[in-house]
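Comments concern the structure below.
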Amino acid sequence: MQDRYSPQAVERDAQNFWDAHGSFRTVEDPAKRKFYCLSMFPYPSGKLHMGHVRNYTIGDVLTRHYRMRGMNVLQPMGWDAFGLPAENAAMANRVPPAKWTYDNIAYMKKQLQSLGFALDWQRELATCRPEYYKWNQWLFVRMFRKGIAYKKTGIVNWDPVDQTVLANEQVIEGRGWRTGALVEKREIPMYFFRITDYAEELLAALDGLPGWPEQVKLMQKNWIGRSEGVRLAFPYELAGEARELWVFTTRADTLMGATFCAVAAEHTIALHAAKTNPELAAFIEECKRGAVMEAELSQIEKKGMPTGIFVTHPLSGAKLPVWVANYVLMGYGEGAVMAVPAHDERDYAFAGQYGLPIAPVVRHALGDTVPGPWKPEYAEQGTLINSGKYDGLDFQAAVDAIAADLQAQGLGEKHVQWRLRDWGISRQRYWGCPIPIVHCPKCGDVPEKEENLPVRLPEHLVPDGTGNPLAKMPAFYETSCPACGGPAKRETDTMDTFVDSSWYFARYACPDNTEAMVDARARHWMPVDQYIGGIEHAILHLLYSRFFQRVMRDEGLFGTLDPEHALAKGEPFTNLLTQGMVLAESYHRENAQGRREWVNPAEVEVTRDAKGRITSARRIADGAELTYGGIGTMSKSKNNGVDPQALIEKYGADTARFFIIFASPPTNTLEWSDEGVEGSFRFLKRLWAHGAKFHGRGDSGATDDANAKAARHEIHTVLRQANYDLSKHQFNTVASAAMKILNALERAPLEGPVAREGLSILLRLLSPITPHIAHHLWCELGYGEDIMQAAWPEPDPAALEQDEIDYVVQINGKTRGSLRVPRSADRPALEALARASELVARYADPAAIKKVIVVPGRLINVVA
RNA sequence: GCCCGGGUGGUGAAACUGGUAGACACAGGGGACUUAAAAUCCCCUGGCCGCAAGGCCGUAUGGGUUCGAGUCCCUUCCCGGGCACCA
């Protein structure tokens, strides 16, 4: 056996062994319990980043652990290969997105393989391949026929200079990232998925997901946003025609306190009033400028302007003015709200700003009036006042009575409102899945015939930033109508990449099927038993996947299902582990054009103050002063990614894997630092050295040796804890446990069964984390041929037993020492020992003892 | 702004269901080995007071519940994620 640990050789040999034995190939096996372990597939951005390494290492630890526990584990890998970065790279390098993407996939696949992940590569898929996206299109057509996919207008960011639609991340401070032009909102026709049809089910089913973090379920719940209230109408006249302004409110009890209504800039009333009011038209134009992001909209100053139009209060008959307000969103509800300034903080501020009346109608904790400044109590529910016949009613009674009166007049009803909006999937971009619709002047929007799918995306185009190249390519869009055969134009928008990632997990079960989207194998493997990915996907990706799973179920793609079958419930992921993000510091400077240029932390030298805060930073290469951009997720845009490749090359995959597991529990954010990697490498070197020393020793040696016995007790105690930690997915302490076991082994005698057993436990415990070195030592030390075939270690109860237990002794809740007590001591014996102990004599008056609290096996607290 | 998390030594973290705070490491200091360095090994390392024994303080902040709080409840501050076209 080599004296020196040489990770490259060890890892190459282990990987060759796995390749030769097809160790990670998985087929359906009814004799074993199936376990589908899936990590979110990567976007092929060029090279792996630390977030990937972390994600896939976590998945691999789970996979290898469950394999050793005898399950039939499926762990596939693929590529989320459509998306914006490929177009950006294409513009920068004049290379087609397809070539860039395929090159990246080839390189990143090598990287993944070098990390030794137990992946079944035979199932590899890439969403940009026609074999894959054909089924996006196929399902889209079915959804379109069913009405789950439909067309309406949606609002996008428009760059007036490049004449192109911008993604939110391409809008920087309200301007286009390339042109610097002020971005405008523009309404365009788009396709939507009717996810709101499933809102109720998506919400209710969250309760049936015990394997999901509460935090994620809560985020989804809030996102879906069920609210019960009343939909009601304010009648008005427009150009002599009777109309109704419909609003939704959760506070119908405050209806008698409504003093005005506010509508979005795009609302019919606003547009009508603007025709004769240039000032209002200008204000509406102002509202239309700027980005569409909600985060941005919520930060803007609340502004409004009267329309001059009045509506009639449905109960009091009073005339209320209608205002245009920039905080009312057209996309949410009816694009109009009733304003009750006395009991709503935003309305209160708005009324104060524009001198609108404030009418209190609810008795709150502070009284019957609402003097400024605003108090949260004003918004609380209470008994109605100043509300005529509704006076004296509480919240629920008032809502019931008011809803009944409105309904009698046909001016309102109880209503459940959802915050969730339908999913707009059209993207005016090239590098995505074409939407299989043909626009025919005679037949309208006609889906492509099934036999003509997939609608292939040409792979040779290079976008230039001025709109979708497909829209400039007659060979792509000139076609004939699938219905009437006449000349027609193909849709040139492509699908949101979230469509691709909403069902890939089902396709892994049967990636080779050219006849069907999914088959019986999907029914076997689905649902995913353990899904692992970044917390940043907690809402959108996971919600869309849950929606798609239900659409596929309702399309009968999984066959007829027993109602108790997990797939019948529509949930694709039984257990979810949301790993924390990998964060890194970022640095930037202004370049000659006044744009921010981000410098990779590897090229930066920083100075820190006594508290470790960064005081200044400069680029090592040229000494340029840099601005510290704070700590944040590793991203291409901030150029703060740490390349794992250097780490792998210097220390090997096992060290990289061990460090990333050891550094932090999976769900924590991980602030990247290069320090600490050395320590992981040192540990593996020590492990190797221990193995080399142990190599060739016999099993002779004293079993009864007290040191050996103590070591065995320690090892099994640590193992018990490690197994518990594994079950909680707290892998960092499993790595610690391995270190503790090695420490114990180094203190214990090197020969004999305890040493041999201890090392075998250590190797098996480590094998999911550092599979290469574990594989090598396992073979080399004669434990077996393949550690993956070995049984998972369990602690021996006999080794865990102890003759004496150390009890913590507290006096009045303060820890004062400990008592060594025979294991057999019962509660009265423990109490007596404590009362008689010299600790009590020293810190309390034994005569004044009021009570003694005994926690078995742990602690005695004497209260005096 | 709204929704969801988090905050423990110089650093990453640990601490079972409310029961000895800081396991295991990193960094730092001291020492051994070496001509020297690297590597390796040993010792020390939360703060304050003390020659020592020991004492007091300490889990972002301020309060509360409890025999006992890092852990439960409330307040404030700071940091991270999401906000529907980044993936």
task: Mind checking the CG-CG spacing from Leu765(A) to Leu726(A)? Nearest 0.5 Å is all I need.
output: 6.5 Å
message: The side chain of Tyr43(A) is closest to which nucleotide in this list: rU40(B), rC83(B), rA87(B)?
response: rA87(B)
- prompt: Would you say the ring centroid of Trp503(A) lies under 6.0 angstrom from that of Tyr132(A)?
  reply: yes
message: For Phe659(A) together with Phe681(A), are the ring centres under 6.0 Å from each other?
response: no
query: Quick one: does NZ or CZ of Arg419(A) land under 6.0 Å from the six-membered ring centre of Trp223(A), within 45 degrees of the ring axis?
result: yes
- prompt: Nearest to the side chain of Pro85(A) - rG82(B), rC86(B), rC4(B)?
  reply: rC86(B)
task: Check the distance between rA39(B)'s C1' and Asp3(A)'s CG and give it to me in whole angstrom.
output: 14 Å
- request: For rC67(B), take OP1 and OP2 only and decide whether either is under 4.0 Å from a side-chain N or O of Lys850(A).
  value: no
field: For atom CH2 of Trp431(A) and atom P of rA87(B), their distance in whole Å
entry: 13 Å
query: Using a cut-off of less than 4.0 Å, is there contact between a side-chain N or O of Asn668(A) and OP1 or OP2 of rG12(B)?
result: no
message: Heavy atoms only, 4.0 Å cut-off, all strands: where does Gln428(A) land among base, sugar-phosphate and nothing?
response: base
- prompt: Are the ring centres of Phe41(A) and Trp79(A) closer than 6.0 Å?
  reply: no
task: Starting from P on rC56(B), measure out to CG on Asn812(A) and report it in whole angstrom.
output: 12 Å
task: Round to the nearest Å and state the distance from Leu576(A) atom CG to rG5(B) atom P.
output: 14 Å
message: Given a 3.5 Å cut-off on both pairing distances, which stems involving RNA chain B, each at least three consecutive Watson-Crick or G-U pairs, are present, if any?
response: B:1-7 with B:77-83, B:10-12 with B:24-26, B:28-32 with B:40-44, B:46-49 with B:54-57, B:62-64 with B:72-74
Test item: Tyr56(A) side-chain N/O and Met40(A) main-chain N/O as donor-acceptor pair under 3.5 Å: yes
query: Can you find a side chain N or O atom of Ser664(A) that sits less than 4.0 Å from OP1 or OP2 on rG12(B)?
result: no
Earlier contact from the 5' end, RNA chain B, for Gln730(A) and Val216(A): Val216(A)
query: Would a distance-only check, ignoring hydrogens and angles, find a side-chain to backbone donor-acceptor pair under 3.5 Å from Asn157(A) to Val292(A)?
result: yes
message: Distance check needed: rA39(B) P versus Arg4(A) CZ, whole Å only.
response: 12 Å
- prompt: What nucleotide among rG81(B), rA39(B), rG12(B) has an atom nearest to a side-chain atom of Ile535(A)?
  reply: rG81(B)
query: For the pair made of CH2 in Trp212(A) and C1' in rC4(B), what is the distance, rounded to whole Å?
result: 15 Å
- prompt: Salt bridge between Glu746(A) and Arg686(A), side-chain N to carboxylate O under 4.0 Å?
  reply: yes
message: With a 3.5 Å distance limit and no angle check, can you tell me whether Thr815(A) reaches the backbone of Gln810(A) through a side-chain donor-acceptor pair?
response: no
Proximal nucleotide (of rG1(B), rC86(B), rA84(B)) relative to the Gln299(A) side chain: rG1(B)
message: Please give the distance between the C1' atoms of rC78(B) and rG30(B) as a whole number of Å.
response: 38 Å
message: Is the phosphate of rC57(B) approached by Lys814(A) (side-chain N or O, under 4.0 Å from OP1 or OP2)?
response: yes
Scan nucleotides 17-20 of chain B against the protein and return all N/O pairs shorter than 3.5 Å with their distances rounded to 0.1 Å.
unit_1  : atom_1 : unit_2    : atom_2 : d
rG19(B) : N2     : Gln810(A) : OE1    : 3.0
rG19(B) : N2     : Asn861(A) : ND2    : 3.4

message: Protein within reach of the bases, or only the backbone? For nucleotides 22-29 of chain B, mark each nucleotide 5' to 3' as B, S or -, using heavy atoms under 4.0 Å.
response: -BBSSS--
Glu294(A) side chain, from C-beta outward: closest of rA84(B), rG55(B), rG82(B): rA84(B)
field: Carboxylate-amine/guanidinium proximity below 4.0 Å for Arg835(A) and Glu831(A)
entry: yes
- prompt: Would you say Lys302(A) has more than 12 foreign heavy atoms packed within less than 6.0 Å of its NZ?
  reply: yes
field: Donor-acceptor contact below 3.5 Å, side chain Asn326(A) vs main chain Glu301(A)
entry: yes
field: Exam field: side chain Glu345(A) to backbone Trp374(A), donor-acceptor pair closer than 3.5 Å
entry: no
query: Between rG82(B), rA39(B), rA87(B), which nucleotide gets closest to the side-chain atoms of Lys685(A)?
result: rA39(B)
- line: Ranking Val292(A) and Pro665(A) by the position along RNA chain B of their nearest nucleotide, the one closer to 5' is Pro665(A)
